[in-house]
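What follows is one structure encoded as structure tokens, with my remarks underneath.
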Amino acid sequence: MLEPVKPAPRLLMGPGPINADPRVLRAISAPLLGQFDPEFRRYMREVSELYRGVFQTKNRWTLLIDGTARAGIEAALVSLIEPGDRVLVPVFGRFGHLIAEIARRAGGEVSTLEAEWGSVFPDEVLEREVKKRRPKIVAVCHGDTSTTMAQPLARLGEVCRTEDALLYVDATATLGGMDLPVDAWRLDVVSAGLQKCLAGPPGSAPLTLNERAENRIVRRRHVEAGLKRADEKEGKGPIIRSNYFDLAMIMDYWSEQALNHHTEATSMLYAAHECGRILVEEGLESAFARHAVASKALRAGLAALGLELFGDRAHRMPNVSAVHIPAGVDGEKVRRALLEDSGIEIGTSFGPLHGKIWRIGTMGYNAREDAVLATLAGMEAILGKGKRGAAVDAANAVYRGG
Ligand SMILES: Cc1ncc(COP(=O)(O)O)c(C=O)c1O
């Protein structure tokens, strides 16, 4: 007989997943309810309300897609993009490439704009390209964990409105960790995942969409033959090419009508509910400040270790930090030693940055002083550079206002 899983204690300081808040783990273990039980429908409504707070939106359609963060990206893109639609994807890291790939699979005529990894796009470039290429949809990542850069988005929504394009944003790595006022920035569809700044496990993707997006999606509404009533109205647009990620169907399922679709992932909904409660209870501003001070302290400690931060200083995400692996150091060996000696995980890197940087997250439940200090102490013990204790002292000074 195999033993039950008994994971080693780990401090997950990579770019996600991070350690889930124990409150969220407790919520997951609550007993199941049927998906049409009035009590469960109440929890669904509460989830919508909590995430309206998190997304800073009044959008009626604020719901969960069952699956990891990329399930949210797929649901948004397959439901927005009609075959042959022009889609513009600004790419500044791995997750921009992922968006472009998913948009192509959805049948879009995708054109990309590429920025060097470690930088982002100036507003003027995005505005110029939207005007020139006239896309139906612009799809962009907010914080790309592969480079740790955050694309400024405050103006892009307005540009897309003027040019009659819909704007989709992947906020997987930033929601709850940095400001993203969905309504004020006029973002049409935004999706995320629980396993980063929201302090939950992977497996549920909060998503919000406004009326502009709803109008486009509803014209493709289709009802499963076995559920259809004689008076059911369907849209005239082309059918959405995925059943599981058909946002028109998912909206019907989350509506008062509660039209059957998938079986809601009950335990993950409990998790998302608790993640939302934790964040709303703390307050967005203080959560953003907690993430910012944790990275500031971590970065001060990394600098004291003689490590150089990667990427454009002005656009670094406040919740994941990237540092150059020093010449002559085997990055994977250090990561393994940190895991084996201290039980701490930090992140490797992809594509053009493979083997060149480490990525260290200070996200969600782990954006805490003790987690930052333990990580620096562990790294210092392995790298053994500079004055002993200097990294922890530098991070401590940030927390003490030094
Ligand atoms: C910015 C961003 N988008 C999307 C994803 C994909 O998320 P998932 O692995 O949960 O599908 C990630 C995961 O790291 C991410 O960082």
Side-chain angles (χ1 to χ4, degrees), residues 12-20 24 55 64-78 89-103 105-106 112 115 117-121 138-153 167-180 187 189-208 242 244-245 265 268 271-272 275 291 295 310-311 315-322 345-351 353-354 357-364 366-367:
L12 302 178
M13 297 299 281
I18 50 93
N19 299 83
V24 178
F55 281 113
L64 301 176
I65 306 298
D66 291 353
T68 63
R70 79 179 59 202
I73 305 175
E74 291 227 30
L77 295 182
V78 77
V89 184
V91 175
F92 56 98
R94 174 192 167 189
F95 291 102
H97 284 299
L98 175 69
I99 291 173
E101 186 207 300
I102 294 174
R105 286 175 188 254
T112 56
W117 288 33
S119 67
V120 295
F121 298 93
V138 177
V140 66
C141 187
H142 184 210
D144 196 315
T145 44
S146 66
T147 67
T148 72
M149 294 294 110
Q151 173 64 47
L153 291 175
L167 176 56
Y168 163 75
V169 174
D170 169 17
T172 300
T174 49
L175 191 70
M178 74 184 280
D179 200 19
L180 186 74
L187 314 177
V189 184
V190 182
S191 68
L194 292 191
Q195 76 268 27
K196 311 217 187 228
C197 304
L198 295 170
S204 179
L207 178 146
T208 190
S242 163
Y244 195 67
F245 292 130
M268 286 311 299
C275 292
H291 284 87
S295 1
F310 167 79
H315 297 106
R316 287 182 187 141
M317 292 165 68
N319 51 304
V320 195
S321 306
E345 179 180 278
I346 61 169
T348 178
S349 40
F350 310 116
L353 296 175
H354 183 67
I357 60 168
W358 291 307
R359 296 172 304 142
I360 306 173
T362 40
M363 289 193 277
N366 287 352

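Worth knowing before you read on, the calculation uses all heavy atoms, side chains too, and leaves out hydrogens, waters and symmetry mates. Both counts, for ligands and for their atoms, begin at 1 and track the order of listing.
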Quiz item: Is H142 reaching over with its side chain to a backbone N or O of D170, donor-acceptor style, under 3.5 angstrom?
Solution: no
Exercise. Counting heavy atoms only, name the option from R70, K196, E74 that's nearest to atom 13 (C) of ligand 1.
Key: K196
Quiz item: Which atoms of ligand 1 sit under 4.0 Å from any heavy atom of T145?
Solution: 15 (C), 16 (O)
Quiz item: Quick one: does D144 get an N or O within less than 3.5 Å of an N or O on ligand 1?
Solution: no
Quiz item: Any side-chain heavy atom of S146 sitting closer than 4.5 Å to one from L353?
Solution: no
Practice problem: If the plane angle is over 60° it's perpendicular, under 30° parallel, otherwise tilted; pick one for H97 and W117. | Solution: tilted
Quiz item: Which bit of D170 is near ligand 1, meaning a heavy atom under 4.0 Å away: side chain, backbone, both or neither?
Solution: side chain
Quiz item: Is the shortest heavy-atom distance from the side chain of T145 to the side chain of M317 under 4.5 Å?
Solution: yes
Practice problem: Report the part of C141 in contact with ligand 1, treating N, CA, C, O as backbone and CB onward as side chain, heavy atoms under 4.0 Å; options are side chain, backbone, both, neither. | Solution: side chain
Exercise. Quick one: look up the protein heavy atom nearest atom 10 (O) of ligand 1 and list residue, atom name and how far away it is.
Key: Q195 NE2, 2.7 Å
Quiz item: Is A173 close to ligand 1, meaning an N/O of one under 3.5 Å from an N/O of the other?
Solution: no
Quiz item: With side chains defined as the heavy atoms from C-beta onward, is the minimum distance between S191 and I73 less than 4.5 Å?
Solution: yes
Quiz item: Is a donor on one side and an acceptor on the other found under 3.5 Å between the side chain of R359 and the backbone of T348?
Solution: yes
Quiz item: Taking atom 1 (C) of ligand 1 as the point of reference, which of P15, A192, G143, G16 owns the nearest heavy atom?
Solution: G143
Quiz item: Would a 4.5 Å heavy-atom cut-off, applied to side chains only, mark R70 and L98 as touching?
Solution: yes
Quiz item: Heavy atom under 4.0 Å from ligand 1: found in P202's side chain, backbone, both, or neither?
Solution: neither
